[in-house]
Peer 1: 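What follows is a structure written as structure tokens; I'll ask about it next.
Fair warning: this is a prediction, and the values are worked out from it, not measured in the lab. Computed over heavy atoms, backbone and side chain alike; hydrogens, waters and symmetry mates excluded. In the text below, chain A, chain B and the rest are named by the order of the sequence lines, each starting its count at 1.
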There are 2 protein chains.
Amino acid sequence: MRATIREVAREAGVSPSTVSRALSMPEMVNPTTRERVLRAAQRLGYAPNRAARGLITGRTGNIGLIVPDLANPFFPSVVKGVQARAREADYAVFLADTDEDPTAEVGLIRVLGKQVDGLILCSPRAREEEIRDLCESTTLVMVNRRFGSVPSVVFDNVDGMRQAVAHLQALGHRRVAWVGGPRTSWSSRDRLRGLRAATAAAGMELVVAGHFPPHFEGGVAAADLIIASGVTSVIAYNDLMALGLLGRLRDRGVQVPEDMSVIGIDDIQMSTMSAPALTTVSLSKAQAGRAAVDLLISLLEQPEGVRNARRELPTQLLVRASTGVAQTN
Amino acid sequence: MRATIREVAREAGVSPSTVSRALSMPEMVNPTTRERVLRAAQRLGYAPNRAARGLITGRTGNIGLIVPDLANPFFPSVVKGVQARAREADYAVFLADTDEDPTAEVGLIRVLGKQVDGLILCSPRAREEEIRDLCESTTLVMVNRRFGSVPSVVFDNVDGMRQAVAHLQALGHRRVAWVGGPRTSWSSRDRLRGLRAATAAAGMELVVAGHFPPHFEGGVAAADLIIASGVTSVIAYNDLMALGLLGRLRDRGVQVPEDMSVIGIDDIQMSTMSAPALTTVSLSKAQAGRAAVDLLISLLEQPEGVRNARRELPTQLLVRASTGVAQTN
DNA sequence: CGTCAGTCTGAAACCGTTTGCAGTTACATG
DNA sequence: CATGTAACTGCAAACGGTTTCAGACTGACG
């Protein structure tokens, strides 16, 4: 059995109230008493029961984290960041994986929402009106999606796309294809927006190949369309899809980067291991996780005081071996 | 504000006790009353406050999951399994990542242990005596490690190694190297044990290359030793390391599988994407996660009743392109 | 020496549930 | 009709903390 506050009180010869104060508002008690209480607590290995504390304070000390698919290496990185930062701030993290199912997502938000002080939604799939509802009953922070005034952490996709296009242009490419992610993905739309702007500014032609599942297989599925479209370069919604492209292009005998330049987004670990290694727009995923936690905590501590509840993290093109000089035909 | 049991009681014209019973022990209340209560609860969107319930029942409805490194794709798969199964059983999952640090692991177990009904330790790094201590104060289930009578879920490494060795033998290999994982890893030792048995039975020579970090880089680091050792085949502690081997072997101009056959363990997604695709001993990771949750829950429900608190999951060699007929020189 | 402000401390109420116990009711039985 | 029994239901006491409020003590000051 764990020690209770009453036992500590008896051990220290004071009342439970004093113990409570000595631990959570130390300046309110006489230094001598405080010392005695702390010693007693130490001796008994006392740690306050979080459920009991939460019952009266209304705060649980937990935050929830909802991701669409842990199997996509993008998310574990974010989770690691969230996790580490939360631990520093003495919060515990509830994790839920929705398996890319928007309905499950909404359900999970509802049930998890009651057990936590706040929620972090990673690349949420839910519809806008649902999010609007939800964010009234729960404090939430979105990662990788921006919507209304809901607090969010996103990457500077526009600049990322600009860098990618500039790189391709410098290599002499005139036509670039876009392999999109899920139709409902905000970041996919945002990236396409950035891409449109960048290609227009560069005077390049953009071919949009449509929407694909954000997996390796999605990239595989898109590859043949890309080949048929006659472009010399392609940018995929994420690295996993870009690797799928790479795989299928190899099978089809299309040389990368000689015949086709391929760029991904995310910079997952795997992208350094492929042959050729993948040129990619790198996102600092763990940092996004940490930023989301920081934002959430500041929101919790001063519900109305946070002026600008948005963070935009920089992106950085990493040139590896999957991009090269355009074929001159 | 969320509805409390009192409001539901008032709405239904009964006492809080009745509401409580109608929800958690339905057979104890009159069907008519029960119906009225359920309706009222429905109308008010009532859900019991888990902290309050936990305070009195002593159970939180949470389980903790501790993994050494989410960046290793093995673990997200396990986490997904744990997650899914826990949700079915109406448990929420606390996740913690220790970054491969045994000290952090012990600390996390202690703090997380107070907030959950039970813990699942994935490939624990902690020392045996510490685990012994810990498992007295917390119910825990270990995955990928077996120790004393501590409940555990492991893979049948011995049979996996047997399959791998039989495969290599059939391809004409006589000498095989082992690239081990961390020194403290139980599963690394267990796999080596299986490998020793299998090679001895097959009359093959085994070269042990020592211990390496369980990452891509660990495999890279081991590659040159392997080349120098003059073997024709190598088995790595996990797929990530096998992929590292593949990468470095390619850089060194060693052809796989012509000059060297490479086998990994885990069957992570990435292993199908490499060139050549990796032959590997496949482990059903999500199933391990589910099994761990089942085991933990049965342990919680009948603390002493569980006779055999061990599960051993089968393994299956998947032959892909990284293994081939031995070089006859 | 009486008064007052200021500093600490303790008693008690409360947070939202569950649960042992006792009370109420209905019904069957003798 | 009295009584025993079974089936429900409500009261009140927990669970382990926090927080309000008032009281006790201290020292300073008039």
Peer 1: Is it the case that atom CZ in A:R39 sees more than 12 heavy atoms from other parts of the structure closer than 6.0 Å?
Peer 2: no
Peer 1: Return the value, rounded to whole Å, for the distance between atom CG of A:N49 and atom C1' of D:dT18.
Peer 2: 13 Å
Peer 1: Could you tell me how far apart A:I56 (CD1) and C:dG16 (C1') are, to the nearest whole angstrom?
Peer 2: 11 Å
Peer 1: At under 4.0 Å, does any side-chain N or O of A:S17 touch on OP1 or OP2 of C:dT9?
Peer 2: no
Peer 1: Before giving the answer on side-chain contact (heavy atoms from CB on, under 4.5 Å), spell out for A:V93 and B:F94 the whole-Å C-alpha distance, their side-chain angles and the decisive distance to 0.1 Å.
Peer 2: CA-CA 6 Å; A:V93 176; B:F94 275 123; 5.6 Å; no
Peer 1: Between D:dG10, D:dT9, D:dC15, which one does the side chain of B:V14 approach most closely?
Peer 2: D:dG10
Peer 1: Just the rounded figure in Å: distance from P of C:dG16 to CZ of B:R59.
Peer 2: 23 Å
Peer 1: Which part of the nucleic acid, if any, lies within contact of B:R6, taking any heavy atom under 4.0 Å across all strands shown: a base, the sugar-phosphate backbone alone, or nothing?
Peer 2: base
Peer 1: So if I take every side-chain heavy atom of A:S20 and compare against D:dG17, D:dT18, C:dT17, which nucleotide ends up nearest?
Peer 2: D:dT18
Peer 1: Run the numbers on A:T60 and A:R50 for side-chain contact (heavy atoms from CB on, under 4.5 Å), then give the verdict.
Peer 2: CA-CA 7 Å; A:T60 61; A:R50 297 180 81 126; over 6 Å; no
Peer 1: Separation of A:N30 atom CG from C:dT9 atom C1', in whole Å?
Peer 2: 10 Å
Peer 1: Could you tell me the separation between the CZ atom of A:R53 and the P atom of C:dG16, rounded to a whole number of Å?
Peer 2: 18 Å
Peer 1: Is the distance from OP1 or OP2 of D:dG17 to the nearest side-chain N or O of A:Y46 less than 4.0 Å?
Peer 2: yes
Peer 1: In whole Å, what is the span from the CG atom of A:L23 to the P atom of D:dT18?
Peer 2: 8 Å
Peer 1: Let me confirm one number: the CZ-OG distance from A:R145 to A:S152, rounded to the nearest 0.5 Å.
Peer 2: 10.5 Å
Peer 1: Which nucleotide, D:dG17, C:dT19, D:dT19, lies nearest any side-chain atom of B:T57?
Peer 2: C:dT19
Peer 1: With respect to the phosphate group of C:dT9, does any side-chain polar atom (N or O) of A:T33 fall under 4.0 Å of OP1 or OP2?
Peer 2: yes
Peer 1: Quickly work out the A:M25 CE to D:dT18 C1' distance and round it to whole Å.
Peer 2: 8 Å
Peer 1: Could you state the CG-P distance from B:L55 to C:dC15, rounded to the nearest angstrom?
Peer 2: 14 Å
Peer 1: Can you tell me if B:T18 touches the phosphate of D:dG10, counting only side-chain N or O atoms and a distance under 4.0 Å to OP1 or OP2?
Peer 2: yes
Peer 1: Measuring from the side chain of A:R21 (C-beta onward, heavy atoms only), which nucleotide among C:dT17, C:dC15, C:dG10 has the closest atom?
Peer 2: C:dG10
Peer 1: Using 4.0 Å as the upper bound for N to carboxylate O, is an ion pair formed by B:R311 and B:D294?
Peer 2: no
